[in-house]
A.B. asks: 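Sharing a structure with you now.
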Amino acid sequence: PRPPGPALLALPSALRGASAVGLVVDASVMTVDGVGFATLDTVERSDVETAIDGFASALLGDLTARLEVPVGWAAAENGPGAVRLVVRLLDLYRAPYGVGAGSSLWLRADWEVDGEVTDTIDIEAGSGTAYVRGGARAAPGHFGWDARMTYLAAPVGERLAEFFDAARR
C-alpha cells in the first residue's frame with residue numbers, strides 16, 4: 001500500500017478509471033471504549049451492531065451522493081478491474097454527553113483492485129470532523145452514541161470521496 005498524502009498526486013493510482021465501487025464495512029477487530037467488540041455482553045454487542053449497521057448504511061448513502069460512479073455493497077467475488085472499498089472499524093470511543101459531543105471513530109480504509117490492496121488511508125472521525133490520526137482512547141459511559149455513529153458517516157464519506165476523486169485523476 002502507498003502512504004496517504006501528497007505523494008498520491010505524483011503517482012498513478014490503480015483507482016484511475018474506476019467505473020464503480022463496492023463497499024464492505026468490517027468491525028471484526030474493533031474495540032469499543034478500549035474493550036474488544038467480541039467481548040461485549042450480549043445486549044451491548046447487539047446495540048453496537050445496530051449502530052454499526054446504521055453507520056454502514058449512512059456511509060453507503062453518503063458515498064453514493066458524493067462519488068461520480070455507482071456505489072453498492074461489494075459482492076463476495078468481483079470481476080476484473082472491480083474496485084472494493086473495505087472500511088475496517090478499529091476503535092470506537094463513545095462520549096457520555098450529547099449527539100456529536102466527543103465521540104470518535106478510528107478506521108482504516110483499504111481500496112482494492114482485482115483483490116489487491118492498492119491504497120490505504122487511516123481516518124479518525126469525531127465531533128463533526130475527520131482527519132488522519134492514530135492511537136486509541138477509552139472512557140466509561142455513553143449517551144446517544146448510536147446516533148453519533150450515523151452522524152460520523154458524513155465526515156468519513158467526505159474524506160473517502162476526496163481521496164477517490166484525487167486518485168481517479
Side-chain angles (χ1 to χ4, degrees), residues 1-32 37 46-93 99-100 103-134 145-169:
R2 180 175 30 227
L8 170 67
L9 301 176
L11 298 172
S13 172
L15 299 177
R16 183 171 285 163
S19 60
V21 174
L23 176 65
V24 175
V25 176
D26 175 11
S28 63
V29 298
M30 182 174 74
T31 63
V32 179
F37 176 61
S46 176
D47 288 347
V48 172
E49 287 171 344
T50 299
I52 292 167
D53 289 345
F55 171 83
S57 293
L59 181 60
L60 179 66
D62 193 81
L63 290 172
T64 298
R66 292 181 191 274
L67 298 183
E68 296 176 5
V69 299
V71 182
W73 298 114
E77 293 291 325
N78 290 321
V83 174
R84 285 172 45 112
L85 170 57
V86 181
V87 175
R88 289 183 176 79
L89 307 181
L90 302 176
D91 297 299
L92 169 64
Y93 164 67
V99 174
S103 290
S104 295
L105 176 65
W106 287 268
L107 61 91
R108 172 158 294 141
D110 290 328
W111 295 92
E112 300 177 357
V113 177
D114 294 329
E116 298 290 325
V117 175
T118 62
D119 298 279
T120 297
I121 57 174
D122 292 333
I123 298 173
E124 176 190 1
S127 300
T129 62
Y131 49 92
V132 175
R133 183 186 162 99
W145 61 269
D146 52 338
R148 281 178 250 155
M149 282 289 286
T150 301
Y151 170 81
L152 294 175
V156 169
E158 181 179 8
R159 295 297 165 260
L160 292 171
E162 287 173 356
F163 184 89
F164 183 76
D165 289 344
R168 283 187 73 222
R169 288 188 212 132

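The first residue of the sequence shown is numbered 1, and numbering continues consecutively from there. Keep in mind that what you see is a predicted model, and the values were worked out from it rather than measured.
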A.B. asks: Measure across Val156 and Ala125 and return the closest heavy-atom pair with its distance rounded to 0.1 Å.
C.D. replies: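 The answer is CG2-CB, 3.5 Å.
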A.B. asks: Atom CZ of Arg108 and atom CG of Leu89: how far apart are they, to the nearest 0.5 Å?
C.D. replies: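 If I round to the nearest 0.5 Å, the distance is 12.5 Å.
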A.B. asks: Let's go through Val83 and Val69 carefully: what are the C-alpha distance in whole Å and the side-chain angles of both, what is the deciding distance for side chain to side chain contact (heavy atoms under 4.5 Å, CB included) to 0.1 Å, and is it a yes or a no?
C.D. replies: CA-CA 11 Å; Val83 174; Val69 299; over 6 Å; no
A.B. asks: For Trp111, is there any backbone N or O sitting under 3.5 Å from a side-chain donor or acceptor partner on Thr118?
C.D. replies: yes
A.B. asks: Just by distance, do the side chain of Arg168 and the backbone of Ala18 share a donor-acceptor pair under 3.5 Å?
C.D. replies: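 Yes, the answer is positive, given that a donor and an acceptor are paired below the 3.5 Å cut-off.
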A.B. asks: Drop me the distance from Arg84's CZ to Asp110's CG, to the nearest 0.5 angstrom.
C.D. replies: 10.5 Å
A.B. asks: Please give me the minimum heavy-atom distance between Ser19 and Pro70, naming the atom from each residue.
C.D. replies: O-CD, 3.1 Å
A.B. asks: Take Leu92 and Phe37, measure what side chain to side chain contact (heavy atoms under 4.5 Å, CB included) needs, and give me the verdict at the end.
C.D. replies: CA-CA 10 Å; Leu92 169 64; Phe37 176 61; over 6 Å; no
A.B. asks: The test is side chain to side chain contact (heavy atoms under 4.5 Å, CB included); show your working for Phe163 and Ile123 and say whether it passes.
C.D. replies: CA-CA 11 Å; Phe163 184 89; Ile123 298 173; over 6 Å; no
A.B. asks: Would you give the length of the straight line joining atom CG of Asp91 to atom CG of Leu105, rounded to the nearest 0.5 angstrom?
C.D. replies: 8.5 Å
A.B. asks: Show the nearest heavy-atom pair for residues Ala161 and Leu63, with the distance to one decimal.
C.D. replies: N-CD2, 4.3 Å
A.B. asks: My understanding is that only residues two or more places apart in sequence, or in another chain, count here; which of them pass side chain to side chain contact (heavy atoms under 4.5 Å, CB included) with Val29?
C.D. replies: Leu90
A.B. asks: Closest approach of Leu160 and Ala109, non-hydrogen atoms and distance?
C.D. replies: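 Reported closest heavy-atom pair: CD2-CB, 3.5 Å.
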A.B. asks: For residues Gly157 and Arg66, report the shortest heavy-atom separation together with the two atoms involved.
C.D. replies: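 Heavy atoms of Gly157 and Arg66 come nearest at O-CD, 3.7 Å.
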A.B. asks: If you apply the rule side chain to side chain contact (heavy atoms under 4.5 Å, CB included), what do you find for Leu59 with Val87, and how did you get there?
C.D. replies: CA-CA 10 Å; Leu59 181 60; Val87 175; 4.1 Å; yes
A.B. asks: List in chain and number order the residues that pass side chain to side chain contact (heavy atoms under 4.5 Å, CB included) with Thr64, two or more places apart in sequence or in another chain; answer none if no residue qualifies.
C.D. replies: Leu60, Val71
A.B. asks: Rounded to the nearest 0.5 Å, how far does CG of Leu23 lie from CG of Leu85?
C.D. replies: 5.5 Å
A.B. asks: Could you give the distance from CD (Glu112) to CG (Leu15), rounded to the nearest 0.5 Å?
C.D. replies: 11.0 Å
A.B. asks: So which atom in Leu67 and which in Phe164 form the shortest heavy-atom distance, rounded to 0.1 Å?
C.D. replies: CD2-CD2, 3.5 Å
